[in-house]
Amino acid sequence: MHTHVMEMMKDLIEVPLASMPFKVAELAKRRWMAGSEDGPLVQLELLDDGKRGIIFAIMARDGSGPLRASFLTMLLLEDTIATAQEPFGVCSGDATVTIYRYVDLTSVSKDQIGRALTNFAHLADVVLDDYLSSQTALTSE
């Protein structure tokens, strides 16, 4: 399954979907990034179970913007691990806020991956803005 998804992601990089508002770039052998500097950088990371991936976006609480670190690395750096994973999870620590969701990749198409990344970017923009805005409101009171 990893080979199939990696081939689709290579194709998504080389022949972007017209419906995607941003380009996709490969960050590592099993990790890709999509987005722009003015919004969340959405990443897809393949999991070792051979069936799932995780889509996530990480924003710094200090206002410096989106982070490119691996989701798994960020979990090790944060003390808080989210337990609610439906329809998405949030990992909120002192330095960062991460939103994520697991995706079944066993029979996914290039269009479905593109749509999942685009939809998640919109969701992440709203959810992360809520977290970061509420943090700003709390510190200004």
Heavy-atom pair with the smallest gap, counting every atom of [X] and [Y]:
X	Y	answer
A57	A124	CB-CB, 3.9 Å
Q112	S107	OE1-O, 3.7 Å
V90	Y100	N-CE2, 3.8 Å
F22	L117	CZ-O, 4.0 Å
H2	L46	CD2-CD1, 3.8 Å
L132	A60	CD2-O, 4.0 Å

Decide yes or no for [X] and [Y]: does some side-chain heavy atom of the first lie under 4.5 Å from some side-chain heavy atom of the second?
X	Y	result
I55	Q43	no
R101	I54	no
L44	V103	yes
R30	E45	no
M6	K29	yes
V127	F88	yes
R52	T106	no
F120	I99	yes

Run the numbers on I13 and W32 for side chain to side chain contact (heavy atoms under 4.5 Å, CB included), then give the verdict. CA-CA 9 Å; I13 293 167; W32 300 268; 3.9 Å; yes

Could you go step by step and tell me if R61 and T96 meet the side chain to side chain contact (heavy atoms under 4.5 Å, CB included) rule? CA-CA 5 Å; R61 284 193 181 272; T96 63; 5.6 Å; no

Checking side-chain polar atoms at under 3.5 Å, does S109 have a donor or acceptor matched by the opposite partner on D111? no

Using side-chain contact (heavy atoms from CB on, under 4.5 Å) as the criterion, point out the one residue from V24, D11, T118, L12 that pairs with I113. L12

If you apply the rule side chain to side chain contact (heavy atoms under 4.5 Å, CB included), what do you find for L47 with Y102, and how did you get there? CA-CA 9 Å; L47 300 177; Y102 292 101; 3.7 Å; yes

CA sep, side-chain torsions, deciding dist, call: D129, M59, side chain to side chain contact (heavy atoms under 4.5 Å, CB included): CA-CA 9 Å; D129 185 56; M59 293 289 277; over 6 Å; no

CE-OG1 distance between M8 and T3, expressed to the nearest 0.5 angstrom: 11.0 Å

